[in-house]
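Below: one structure, written as structure tokens.
Quantities reported herein were computed from a predicted structural model and do not represent experimental measurements. So that the names make sense, note that chain A is the first sequence line, chain B the second, and so on, each numbered from 1.
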2 protein chains.
Amino acid sequence: MEVAREAGVHPATASRALNPSARGEVSPRTVRRVVQAAERLGYVPNTLARGLRTSRSFVAALVIPDITNSLFPPIVRGAEQVLSAAGFTLVLTDTNNDPDSERGQIASMRAHGVDGFIIATARWQDSLLDELAADGTPTVLVNRRTAKSDLPFVGAEDQDGVRLCVDHLADLGHRNIVHLAGPSDTSTGRERSSAFRAAMRMRQLPLRSAILECASYSEAAGAAGAARLRASGRPFSAIVAANDLLALGAMEQLAGSGLQCPRDYSITGFNDLSFMSKLTPALTTVRVPLAEMGAHAARTLLGWIGSDGNPTSLRVLLPVELIIRGTTSPH
Amino acid sequence: MEVAREAGVHPATASRALNPSARGEVSPRTVRRVVQAAERLGYVPNTLARGLRTSRSFVAALVIPDITNSLFPPIVRGAEQVLSAAGFTLVLTDTNNDPDSERGQIASMRAHGVDGFIIATARWQDSLLDELAADGTPTVLVNRRTAKSDLPFVGAEDQDGVRLCVDHLADLGHRNIVHLAGPSDTSTGRERSSAFRAAMRMRQLPLRSAILECASYSEAAGAAGAARLRASGRPFSAIVAANDLLALGAMEQLAGSGLQCPRDYSITGFNDLSFMSKLTPALTTVRVPLAEMGAHAARTLLGWIGSDGNPTSLRVLLPVELIIRGTTSPH
DNA sequence: GCGGCAGCCACAATCGATTGCGGTCGAGCA
DNA sequence: TGCTCGACCGCAATCGATTGTGGCTGCCGC
């Protein structure tokens with residue numbers, strides 16, 4: 001406020017004049033003087049000083065494993081838009097899939113007085129998140145969640161998505177459907193695979209050795225999974241991959257051993273990353289409203305921060321949609 | 001330091017004990033007591049308070065136009081890794097391609113006491129950046145630069161890239177090569193198009209109505225450019241697009257009027273976004289070391305911040321590489 | 001035995017904004 | 001005229017860390 005002392009008033013008065021909710025305690029004439037002085041000096045309040053006094057920094061942190069994975073940019077964008085519209089600043093941290101560096105980053109963010117976290121890196125057992133939940137730091141999980149669901153979570157209707165895939169393939173006449181599952185230390189891996197099991201049972205299709213868990217959500221892991229599938233000799237005419245990258249890796253691997261999609265087998269992905277529609281054949285996949293997820297997570301966080309109390313909703317699952325393209329065909 | 005007063009010493013002493021460079025002024029015994037007390041309490045220094053006193057926040061801001069454009073995530077990642085290794089925090093802001101919101105975001109960042117900026121949204125005439133340059137805020141431009149080059153810039157050898165494309169096409173026998181240029185309010189648009197002109201002249205190829213400027217770097221603008229090219233009746237057998245998205249849009253548009261690539265024409269892109277190698281036909285394009293660009297920009301910024309003086313290098317251009325794939329063929 | 005020096009630490013100011021409390025002044029009323 | 005009340009504003013503490021200055025203690029040398 002040193003600057004606005006240019007108006008010839010006490011910093012306390014200037015502070016009140018500039019603060020809409022305390023402006024009533026200052027005469028309109030003084031308010032005018034202060035506002036004009038502030039404009040003249042191009043005054044920007046020092047958020048650090050304010051944060052120090054009020055312990056509110058209007059900063060929210062978004063923690064993601066790898067920004068170069070096309071899954072995350074839409075989430076980031078959705079969150080950014082909501083947050084900046086609410087006057088919040090987004091700090092992004094990319095943990096590089098490394099729990100240790102995640103720990104460090106989150107500690108650093110807290111030292112910076114961040115008001116809350118949106119976390120997209122949750123593992124199924126995640127002690128770090130348990131700690132955050134325990135000490136009441138406003139934290140919202142997005143895309144993945146932890147086993148204990150004591151933190152609000154914004155995700156997608158994974159179960160629906162997988163069922164749509166299985167039904168679609170079954171309707172096309174496929175019976176030997178296998179699932180390239182995601183890692184079991186992620187909620188998406190677990191839930192999509194259990195949804196696969198349920199959907200297959202519903203259709204009375206064979207489940208024996210129909211699920212292969214992949215080590216990570218990457219093309220390399222998808223290729224490795226497909227290689228294991230081939231090596232096992234297990235007959236299959238269709239694959240439900242737990243996400244798009246696994247599907248891509250599997251297709252590449254199978255192409256290497258002469259299997260063409262959709263001539264020799266069908267495959268579905270999950271997430272509908274950008275460019276999936278540009279591939280040849282274009283990938284049949286489940287579209288997830290990623291930007292909405294980010295935006296909704298941000299809104300949930302803002303609600304929590306604003307209420308000073310507990311979060312409002314504990315779990316929100318956004319609807320998904322099956323996008324049928326070229327990688328699925330009748331059997 | 002209230003917390004470390006648990007050690008029974010004055011906060012000033014604790015501060016010095018915890019500060020490696022001032023530790024000499026405190027007896028080893030006291031240092032040990034303070035360090036132990038800090039560990040016991042799980043002390044994390046309050047960066048706000050520190051920043052308030054020292055006017056150094058160890059935060060750097062990265063300003064990008066649209067995180068969902070695959071061009072930017074690698075840059076973000078490269079910068080993030082360098083910054084967090086140096087103990088800095090990255091705050092990301094997505095301006096949504098809107099200069100007004102960019103102004104607001106940057107003002108907000110400065111209020112937060114950010115130590116410096118990395119900016120990927122530079123326009124050719126950019127008053128906002130002129131202001132930043134004028135008042136000495138550490139700022140590094142990445143990918144694009146402004147007309148006045150008073151700010152350090154980290155980019156790619158665009159000239160080389162375009163020349164490689166033209167030479168490659170000319171070597172394949174193409175003579176009627178046209179350029180889908182980027183917007184002229186970006187440095188990349190201007191420089192790639194002037195490089196195109198130079199390369200064509202070098203090869204003694206016809207330049208008449210060979211350059212079509214696109215309104216933005218998007219698929220839609222690329223499609224519009226291709227439509228204009230068709231409508232003009234200008235003969236062509238090859239296109240040098242100013243970036244991958246323009247190439248994609250053009251290919252889609254031309255496919256709509258029956259022209260197949262590479263049967264009927266060849267085309268090259270620029271940047272080598274992820275998934276460009278997965279298309280059919282896979283895009284021949286210029287690979288730009290995006291992550292390196294981000295990392296180098298971050299290092300340049302850190303150098304500036306650390307030196308308290310002026311930036312070291314004013315312009316760095318990283319080498320590019322032509323990746324020949326399926327969209328170019330002999331004529 | 002006393003002056004001086006150095007090592008170690010405490011005091012207090014500072015960064016910029018917020019906020020409870022108290023003081024001043026003018027108006028209204030008896 | 002004197003008292004009260006309320007509007008308005010200033011004082012000073014506070015948030016947590018940093019840092020220049022000064023004071024205390026103990027040891028050394030003369």
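In terms of polar N and O atoms assigned as donor or acceptor, the side chain of B:Arg50 never comes within less than 3.5 Å of the base of D:dT18 in a complementary pairing. In this model, a side-chain donor or acceptor of B:Arg16 finds a partner on the base of D:dG20 within 3.5 Å.
Along DNA chain C, the nucleotide closest to B:Ala12 and the one closest to B:Pro28 are compared, and the more 5′ of them pairs with B:Pro28. Closest-nucleotide positions on DNA chain C for B:Ala49 and B:Thr30 were compared, and the one nearer the 5' end corresponds to B:Thr30.
Summarising the geometry, the separation between CD on A:Glu25 and P on D:dA7 is reported as 11 Å, rounded to the nearest angstrom. Distance, A:His10 NE2 to C:dT24 C1': 15 Å, rounded to whole Å. With rounding to whole Å, B:Arg56 atom CZ is found 14 Å from D:dT18 atom C1'.
Residues A:Glu80 and B:Thr93 bring no donor and acceptor atom of their side chains to less than 3.5 Å of each other. Counted by atom type alone, B:Arg110 and B:Thr137 present one or more donor-acceptor pairs between their side chains at under 3.5 Å. For the 3.5 Å distance criterion, the side chains of B:Thr146 and B:Gln125 fail to qualify, holding no donor opposite an acceptor.
Proximity of B:Thr54 to the phosphate of D:dT18: no side-chain N or O atom is located under 4.0 Å from OP1 or OP2. The shortest distance between the side-chain N/O atoms of B:Ser27 and the OP1/OP2 oxygens of C:dC8 is not below 4.0 Å. Contact annotation: B:Ser15 side-chain N/O to D:dT18 OP1/OP2 distance is under 4.0 Å.
Each of C:dT19, D:dC9, C:dT14 was ranked by its minimum atom distance to the side chain of A:Thr13; first place goes to D:dC9. For A:Asn46, taking side-chain heavy atoms from C-beta onward, the closest of the listed nucleotides C:dG16, C:dC9, C:dA13 is C:dG16.
Screening A:Asp94, A:Ile119, A:Val142, A:Val91 against A:Val63 for a side chain to side chain contact (heavy atoms under 4.5 Å, CB included) leaves a single residue, A:Ile119.
Among the protein residues, A:Gly24 comes within range of the sugar-phosphate backbone only, with heavy atoms under 4.0 Å from sugar or phosphate atoms but none that close to a base.
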